[in-house]
Amino acid sequence: MKKFRGFKTFPIMAAMTFLLGCSAQNDTKLISYVGVEVPRDSLDSFLSAKMKELHIPGLSIAVMSRGQVVYHNTFGYSDVENKIPVTDKTIFEAASLSKSVFAFFVMKYVDEGKLDLDRPLYEYLPFPDIAHDERYKKITARMVLSHRSGFPNWRENEPDKKLKIKFEPDSDYEYSWEGYQYLAMVLKHLDTTDWDGLETAFQKKVAIPLQMKHSSYIPSEAVMQNKAEPYNSNGAKIDWENGYWHKKDKGTFVAPSSLHTEPIDFSKWMMAIMNNDGLSEASYANLLKHHSLTATTSTGMNIYYTLGFLNPDQDYSTTYIHDGDNEGFTSWYLLDTKKKWGYVLFANSDNGASLGNELWNYFEKEKY
């Protein structure tokens with residue numbers, strides 16, 4: 001699990017043979033973000049070329065227009081060594097895209113009256129790991145979801161490997177895995193359950209209503225059998241089963257990073273956001289409004305963090321975006337709530353977020 005890197009080539013901010021999957025595609029026209037029809041073979045060629053350039057072994061992608069999936073395809077290998085192709089059943093780690101879905105899950109508890117966004121979390125569940133710093137008693141769910149808790153991304157990055165508060169809660173922005181996981185602990189406590197019980201709650205409140213049949217924060221054995229193998233930025237396979245994070249988090253509902261899914265499933269959640277489905281009007285107002293300024297571009301455009309989403313202002317004020325970066329898995333989504341347009345991609349490579357950036361440039365072209 002790596003720190004969210006933000007946008008690189010996104011315009012508002014500054015020899016392997018690849019297999020073309022046989023996923024069914026909707027007959028509806030594939031329309032770009034600017035309203036231009038995109039030839040499917042043009043997009044296929046672009047993706048294949050970029051995968052080769054970026055050493056991406058496998059890719060799965062869905063594109064939505066007018067609130068429905070109009071393009072879904074798979075490319076390359078889920079397991080290069082055994083020549084197993086990516087299919088529509090291949091599962092990927094969503095990495096930090098997990099945060100957006102988790103924020104939606106949290107708002108279910110708000111709608112049920114079980115959680116108040118502005119009540120200090122310690123009043124629900126004290127946190128012994130940070131009890132030495134009284135400032136933690138100010139931290140709320142709203143601060144956690146908008147990365148204003150003061151926690152670091154994760155404590156393993158700190159010299160002493162201990163959790164600390166780096167600034168007064170709600171006074172600044174710092175991307176934090178730790179805050180999201182504390183909030184997951186609170187939800188678990190509210191339900192008087194364990195991590196498996198929280199997974200059951202996620203299925204009941206989010207996955208089943210949205211028909212996300214292949215999505216889970218604690219993957220089952222069946223899910224793991226369909227999971228892609230991870231590869232680094234040079235295309236070398238990663239031994240994830242013996243990795244630190246896998247051993248540390250196995251069997252844990254890791255709110256900021258452990259969602260396992262695939263594009264069609266994830267697109268159902270995206271379409272719910274586009275249509276304001278599944279939550280109250282008040283919860284959507286909180287979920288999507290600006291909470292933290294994360295950056296200002298050279299053109300004067302501001303990029304904000306809402307509760308689980310990145311959202312620019314000016315011409316892109318109705319777009320909500322996130323990328324994800326776990327070791328050997330990267331992902332990206334963008335959705336526009338006004339245009340009902342978006343795309344999501346998952347790659348078993350460290351370089352998928354770069355492709356997500358470049359694909360956004362592609363979808364803003366006027367001609368193909």
Who pairs with Asp41 by salt bridge (charged side-chain N to carboxylate O under 4.0 Å, His left out), at least two apart in sequence or on another chain? none
Go through the steps for Glu199 and Gln203 under the test side chain to side chain donor-acceptor pair (under 3.5 Å), then give the verdict. CA-CA 6 Å; Glu199 172 64 32; Gln203 293 296 321; 2.7 Å; yes
Results of ring pair (Phe, Tyr, Trp, His ring centres under 6.0 Å) for Phe346 - residues two or more places apart only: Phe266
Does any part of the side chain of Lys340, heavy atoms only, come nearer than 4.5 Å to the side chain of Met64, both counted from C-beta? no
Check: Glu93 side chain, Thr261 main-chain N or O, donor-acceptor pair, under 3.5 Å: no
Those residues at least two apart in sequence (or on a different chain) that pass side-chain contact (heavy atoms from CB on, under 4.5 Å) with Asn311 are His290, Thr306, Tyr320
Determine whether a donor-acceptor pair (N or O, by modelled atom type, separation under 3.5 Å) exists between the side chain of Asn232 and the backbone of Asn234. yes
Within a radius of less than 6.0 Å around CZ of Arg66, do more than 12 heavy atoms belonging to other residues, nucleotides or ligands occur? no
Please walk me through it: do Phe202 and Ile218 pass side-chain contact (heavy atoms from CB on, under 4.5 Å)? CA-CA 10 Å; Phe202 169 73; Ile218 302 179; over 6 Å; no
For a 4.5 angstrom cut-off between non-hydrogen side-chain atoms, does Pro39 reach Leu30? no
Are the side chain of Asn351 and the backbone of Gly235 linked by a donor-acceptor contact shorter than 3.5 Å? no
Tell me, please, which residues at least two apart from Asp118 pass salt bridge (charged side-chain N to carboxylate O under 4.0 Å, His left out). Arg142
Could you pull out all residues at least two apart from Tyr136 that satisfy ring pair (Phe, Tyr, Trp, His ring centres under 6.0 Å)? none
Tell me, do Tyr71 and Asp44 make a side-chain contact under 4.5 Å, heavy atoms counted? yes
Is the ring centre of Trp360 less than 6.0 Å from the ring centre of Tyr33? yes
Is the side chain of Ser100 donor-acceptor paired with the backbone N or O of Gly308 at a distance under 3.5 Å, no angle test? yes
Output all residues satisfying ring pair (Phe, Tyr, Trp, His ring centres under 6.0 Å) with Phe167, sequence neighbours left out; order by chain, then residue number. none
Give me the ring orientation class for Trp154 and Trp177: parallel if the planes are under 30° apart, tilted from 30 to 60°, perpendicular past 60°. perpendicular
Can you name the closest pair of heavy atoms from Ala95 and Gly324 and give their distance? CB-C, 3.6 Å
The reported gap from CG in Leu198 to CZ in Phe102 (rounded to nearest 0.5 angstrom) is 7.0 Å
Using a distance-only test with no angle check, is there a side-chain donor-acceptor pair under 3.5 angstrom linking Asp336 and Thr319? no
Close side-chain approach of Thr90 to Thr74, heavy-atom, < 4.5 Å: no
Just to verify, which of Asp79, Val80, Val86 counts as forming a side-chain contact (heavy atoms from CB on, under 4.5 Å) with Pro57? Val80
Please round to the nearest 0.5 Å and tell me the distance separating atom CD1 of Ile91 and atom CD of Glu262. 5.5 Å
Checking side-chain contact (heavy atoms from CB on, under 4.5 Å) for the pair Phe92/Ser331: CA distance, chi angles, key distance, verdict? CA-CA 9 Å; Phe92 296 83; Ser331 52; over 6 Å; no
Given Asp191, which of Lys205, Lys204, Lys108, Lys114 fulfils the salt bridge (charged side-chain N to carboxylate O under 4.0 Å, His left out) condition? Lys114
Rounding to 0.5 Å, atoms NE2 (His72) and CD1 (Ile264) come to a distance of 4.5 Å
Sequence neighbours excluded, which residues qualify as ring pair (Phe, Tyr, Trp, His ring centres under 6.0 Å) partners of Tyr124? none
Just do the side-chain contact (heavy atoms from CB on, under 4.5 Å) check on His214 and Val223 with the steps written out, would you? CA-CA 7 Å; His214 310 117; Val223 166; over 6 Å; no
Side-chain donor-acceptor pair present, Ser98, Tyr180, cut-off under 3.5 Å: no
With a 4.5 Å cut-off on side-chain heavy atoms, are Ser176 and Arg148 touching? no
Residues forming a salt bridge (charged side-chain N to carboxylate O under 4.0 Å, His left out) with Asp116, sequence neighbours excluded: none
Glu174 versus Phe151: any side-chain heavy-atom pair under 4.5 Å? no
Please check: side-chain N/O of Asp111 versus main-chain N/O of Leu279, any donor-acceptor pairing under 3.5 Å? no
With sequence neighbours left out, the residues meeting side-chain hydrogen bond (donor to acceptor under 3.5 Å, both in side chains) with Tyr182 are none
Mark yes or no for whether Tyr362, through its side chain, and Leu47, through its backbone, hold a donor-acceptor pair below 3.5 Å. no
Using a 3.5 Å distance criterion without hydrogens, assess whether the side chain of Thr330 forms a donor-acceptor pair with backbone atoms of Asp325. no
Distance-only, no hydrogens or angles: does the Asp265 side chain make a donor-acceptor pair with backbone N or O of Lys213 under 3.5 Å? yes
Under the salt bridge (charged side-chain N to carboxylate O under 4.0 Å, His left out) rule, what pairs show up with a residue in residues 175-190, not counting sequence neighbours? Arg155-Glu178
Going by distance alone, is a donor N or O of one side chain under 3.5 Å from an acceptor N or O of the other, for Lys99 and Tyr305? no
Are the side chains of Asp170 and Thr140 in contact, using a 4.5 Å heavy-atom criterion? no
Tell me if a side-chain donor or acceptor on Thr28 pairs with a main-chain N or O of Val70 at a distance below 3.5 Å. no
Do Trp332 and Ile321 touch side chain to side chain, with heavy atoms closer than 4.5 Å? yes
Pairs touching residues 276-293 that satisfy salt bridge (charged side-chain N to carboxylate O under 4.0 Å, His left out), sequence neighbours left out: none
Nearest 0.5 angstrom please: Leu345 CG to Asn73 CG, how far? 12.5 Å
Could you please spell out the steps behind the side chain to side chain donor-acceptor pair (under 3.5 Å) verdict for Ser257 and Asn326? CA-CA 8 Å; Ser257 63; Asn326 282 2; 4.7 Å; no
Can you classify the ring geometry of Phe309 versus Trp269 as parallel (below 30°), tilted (30 to 60°) or perpendicular (above 60°)? parallel
Does Lys164 have any salt bridge (charged side-chain N to carboxylate O under 4.0 Å, His left out) partners at least two apart in sequence or in another chain, and if so, which? Glu158, Asp160
For Gly356, is there any backbone N or O sitting under 3.5 Å from a side-chain donor or acceptor partner on Tyr343? yes
Kindly compute the distance separating CG (Leu97) from CG (Asp323), expressed to the nearest 0.5 Å. 7.5 Å
Kindly compute the distance separating NZ (Lys268) from CE (Met212), expressed to the nearest 0.5 Å. 8.5 Å
